[in-house]
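Computation of the quantities below employed the complete heavy-atom set of this structure, encompassing side-chain atoms and omitting hydrogens, waters and symmetry-equivalent molecules. All chains are named by letter (A, B, ...) in the order of the sequence lines, taking the proteins before the strands, and each is independently numbered beginning at 1.
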2 protein chains.
Amino acid sequence: MNLKELSQNLGLSQTTVSRALNGYPEVSPATRARVEEAARAFNYRPSTRAKGLATGQALAIGHVIPMSSKHEMVNPIFGDFIAGAGETYARHGYEMILSIVDDKNETSVYQGLKSRRAVDGVIVHGPRMNDTRIPLLAKLGLPFAVHGRASGCTVPYAWLDVNNRSAFERATKYLYDLGHRRIALLNGLEDMDFAHRRRDGYMSALTAQGLSVDTSLMRSGEMTELSGYGATREMLARPGAPTAILCSSLISALGVRRAIEEKGLVMGKDVSVITHDDVLSYLKNGEEVPIFTATRSSVRDAGRKLAEMLLQAIANPEAAPCSELLEAELIVGASTGPAPRKD
Amino acid sequence: MNLKELSQNLGLSQTTVSRALNGYPEVSPATRARVEEAARAFNYRPSTRAKGLATGQALAIGHVIPMSSKHEMVNPIFGDFIAGAGETYARHGYEMILSIVDDKNETSVYQGLKSRRAVDGVIVHGPRMNDTRIPLLAKLGLPFAVHGRASGCTVPYAWLDVNNRSAFERATKYLYDLGHRRIALLNGLEDMDFAHRRRDGYMSALTAQGLSVDTSLMRSGEMTELSGYGATREMLARPGAPTAILCSSLISALGVRRAIEEKGLVMGKDVSVITHDDVLSYLKNGEEVPIFTATRSSVRDAGRKLAEMLLQAIANPEAAPCSELLEAELIVGASTGPAPRKD
DNA sequence: AGCTTCATCCAAAGCGCTTTGGGAACTGAT
DNA sequence: ATCAGTTCCCAAAGCGCTTTGGATGAAGCT
């Protein structure tokens, strides 16, 4: 069923039917009701493509998911972020279109989305330091919003980020206050912006307390269970082992715990652990009592909000780019406790 | 830059330019070269919407991700599956459009995709027993392919599935051969088709060996770390505790391991564990030596292949629906060993 | 009555592409 | 020189919608 058929069925012009369905005022209430009724009966929905062609909008948002060609790895937070964003799009009648792209082809994918007029805007995932995508998108004139930030980018842009610096600063301080002096950091990949900020927060808290930064207690890499396990195991085996570990993801925290327990130590007593928790739906941090003390911030919420911001920006192209900095909660769970006394 | 401008620039008609770019023969090689050169120079790409309107194709595939409204849970395998499918789409010039839908609205979402002509076909995720989506899609006449199968659905349809039954049958038999007699099953949600098949395989292997099925050793639910932990902990505390556990996901297997180790037991010695492993990029089952003995089948591969099947079906609407049954590998890792001797 | 105003509706153009149905120019054969 | 057959190109229609610029008639006013 298309507009033409529907209007013929009703004995009306396409103009009138279109206007009736789109809420324009030049249609009598009686006619509008009749049209809406018929549309429902015939299960009519305007073709997105035709509508898009006519209006010049795509009614779609692009999500370009970077996949490191090295690691063939999809960010595990991606599913929940998308779920949040999807809610927003559904509410606004937008579609979400997804491209999985290895980092080499990124430029051409963004150009393609722009020149094929496939989307009205894009969400940028996983920003790196000095991310080249941001100036590129600005140059292309394709509206965009970034999940995170990119230190070093000078053009203004819309973003939504967790205050990673403050979260890790507070977490470090919390461990310090519990008496810990040898605090390790298991961070994400170095060139990711969030990892950089977390390290900043960590180091700033250490120095604020007059502690020196010990690079032998710092690791960065992909955040897998194994990497958490391996790093912890190795650190605990050495002299000067940490009494507390700050960890960037719940997945690697599972590995951290395993290494601790394998050594016959008790998490929260012999070694304290704080992890960042993105509140992933398939990886809950305990039920009532959190297993891990964590800096918590829901990535699904972030998806919802960032999508909203982007739609705003598209509707309102003149406005200056918005941004939002979410504070992570520091929730106390069973994985932290006072530093063990040296006897 | 659009076709009109490009063709004016070249002093050619739109027809000729279109044909040159789409590989039609009625264009001289010289002209074609000139056109292609100009298209590259101006970074011209045809508008997907316009092209779709003109050809009647959407050049897009829909992925409708069901989200249980109860659990607000996105399937963790989803990211990797999508990554695989995305590769295929990119190669064929298709777009992937995603809808996250809670189970209540499913029907209207599929109808919408169909009547708005937004996609050429859809992938059905997470089929349940007697899944209503399959007859619905068949009725709508929207091409589709299912990741998994739906027992009880009588209409023919295209699908790709892991042989869950045989995988769990073999895994159970393997444990039996190692001397295990009390083998537990931690399964996914009961109404999911794959869970049903895995249980079948498990029970069939038990009875084939003359063992009776002990329902107190069977659990089903969402596959989280916590559920694996909780179920294992509880089972190990009881008399008649299992000496081996068959587990439906690597995530819950992590919980299983934790419960085992917490009790001071050694995985692979006191308690053997086999898990299904979807080869998720962010959750590798060890590096050289697998941590867990596992039934392994790459979900990313499944995404690639199923997308290919769907595109085939769309290109060739007359053909009978294809299907493919992938056998999972049974890979031996460190988590299994002979059943402990009762002294 | 004659005029202006509304309230409703419609025909037709246009969005950017593909595709149909020719048309010119050039070949080679008669 | 004529004619059919190629080769290469083009004008225009059409995909399904929105939107512009009226048209029509009823109602209100002088």
(request) Take atom NZ of B:K4 and atom P of C:dC15, then tell me their distance rounded to the nearest Å. (result) 6 Å

(message) Just by distance, no angles: are the side chains of A:S18 and A:T15 close enough, under 3.5 Å, to form a donor-acceptor pair?
(response) no

(message) Between C1' on C:dT19 and CG on B:L21, what's the gap in Å once rounded to a whole number?
(response) 15 Å

(request) If the plane angle is over 60° it's perpendicular, under 30° parallel, otherwise tilted; pick one for A:H63 and A:H125. (result) tilted

(request) Among the candidates D:dC17, D:dC8, D:dT19, find the nucleotide nearest to the side-chain atoms of B:E26. (result) D:dC8

(request) Choose from C:dT19, D:dC15, C:dT8 the nucleotide whose nearest atom is closest to any side-chain atom of B:R19. (result) C:dT19

(message) Within the structure provided, determine whether B:Y89 and B:E95 are in side-chain contact (heavy-atom separation under 4.5 Å).
(response) no

(message) Between A:S18 and D:dC17, is there a contact of a side-chain N or O with OP1 or OP2 at under 4.0 Å?
(response) no

(message) Measure CE/B:M1 against P/C:dC17 and give the value in whole Å, please.
(response) 10 Å

(message) Can you confirm whether more than 12 heavy atoms, excluding those of B:Q312, are under 6.0 Å from its CD atom?
(response) no

(message) Tell me the interatomic distance from A:Q8, atom CD, to C:dA11, atom C1', rounded to whole angstroms.
(response) 14 Å

(message) Between P on D:dC10 and CG on B:L10, what's the gap in Å once rounded to a whole number?
(response) 10 Å

(message) So, does B:Y24 get its side chain near the phosphate of D:dT7, meaning an N or O under 4.0 Å from OP1 or OP2?
(response) no

(message) Looking at A:S28, I'd like to know whether one of its side-chain N or O atoms comes within less than 4.0 Å of OP1 or OP2 on C:dT8.
(response) no

(message) Can you see if the side chain of A:N2 gets near the phosphate of D:dC15 - specifically, an N or O under 4.0 Å from OP1 or OP2?
(response) no

(message) Just by distance, no angles: are the side chains of B:S115 and A:N43 close enough, under 3.5 Å, to form a donor-acceptor pair?
(response) no

(request) Between C:dC10, D:dC9, D:dG16, spot the one nearest the side chain of A:S47, thanks. (result) D:dG16

(request) Identify, between B:T55 and B:S13, the residue whose nearest nucleotide on DNA chain D lies closer to the 5' end. (result) B:S13

(request) Using a strict 4.0 Å threshold on nitrogen-to-oxygen distance, state whether A:R300 and A:D80 make a salt bridge. (result) yes

(request) Choose from C:dC9, D:dG16, C:dC17 the nucleotide whose nearest atom is closest to any side-chain atom of B:R117. (result) D:dG16

(request) Have a look at B:T15 and say if it touches a base, only the backbone sugar-phosphate, or nothing, with a 4.0 Å heavy-atom cut-off. (result) base

(message) Between A:T16 and B:Q14, which residue's closest nucleotide on DNA chain C lies nearer the 5′ terminus?
(response) A:T16

(message) Could you tell me how far apart B:L53 (CG) and C:dC15 (C1') are, to the nearest whole angstrom?
(response) 9 Å

(message) Please pick, from D:dG16, D:dT18, C:dC17, the nucleotide with the shortest atom-to-atom distance to any side-chain atom of A:L3.
(response) D:dT18

(request) Could you check how far CD of B:Q57 sits from C1' of C:dC17, rounded to whole Å? (result) 13 Å

(request) Using a heavy-atom cut-off of under 4.0 Å over every strand shown, decide if A:R49 touches base, sugar-phosphate, or nothing. (result) nothing

(message) Please pick, from C:dC17, D:dC10, D:dC8, the nucleotide with the shortest atom-to-atom distance to any side-chain atom of B:T31.
(response) D:dC8

(request) Answer yes or no: does a side-chain N or O of A:K51 lie under 4.0 Å from OP1 or OP2 of D:dT18? (result) yes

(request) Could you tell me the separation between the CG atom of A:L12 and the C1' atom of D:dT18, rounded to a whole number of Å? (result) 17 Å

